[in-house]
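Report on the structure given below.
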Amino acid sequence: MLAPVREFEGTSRPSGDLPSVHLYTPSADPSGMGVHMRCLAEEYVRQGRHVTLMYWPNTNAERLFAPAADRGV
C-alpha cells in the first residue's frame, strides 16, 4: 500500500477528494523503472486518485504504458 501524499500548506480540497498524482519516467525499459512507474500509477488509480504518467514517446514506451491507459491512468 502506498503512503498518502501530504497536502501543501494552504491548499484545500473537498473532504474525501484525494490529490492528483503526476509521475514521470525517462525509462521505457520493461524490466526496470518503466514497469515500476506503471505499477505505481495503477495502484494510485485503485486508490481513487487521478493519475498522469509522463514519458518520452517511443515505440517501447507506447507498448509498455498503453495497458495503464486502459486501466485509467
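Here the shortest heavy-atom pairing between Ala68 and Glu42 reads CA-OE2, 3.6 Å. Minimum interatomic distance between Trp56 and Ala61 (heavy atoms only, all atoms of both residues): O-CB, 3.6 Å. Of all the heavy atoms in Pro67 and Arg38, the pair that sits closest is CG-NH1, 4.1 Å. Looking at every heavy atom in both residues, Thr25 comes nearest to Met33 through OG1-CG, 3.4 Å.
When hydrophobic clusters are built by joining Ile, Leu, Val, Met, Phe, Trp and Tyr residues whose side-chain heavy atoms come closer than 4.5 Å, directly or via intermediates, Leu23 is not grouped with Met54.
In this structure, the separation between CD on Glu62 and OH on Tyr55 is 3.5 Å, given to the nearest 0.5 Å.
Using bins of under 30°, 30° to 60° and over 60° for the plane-to-plane angle, the ring pair His50/His22 lands in the perpendicular bin.
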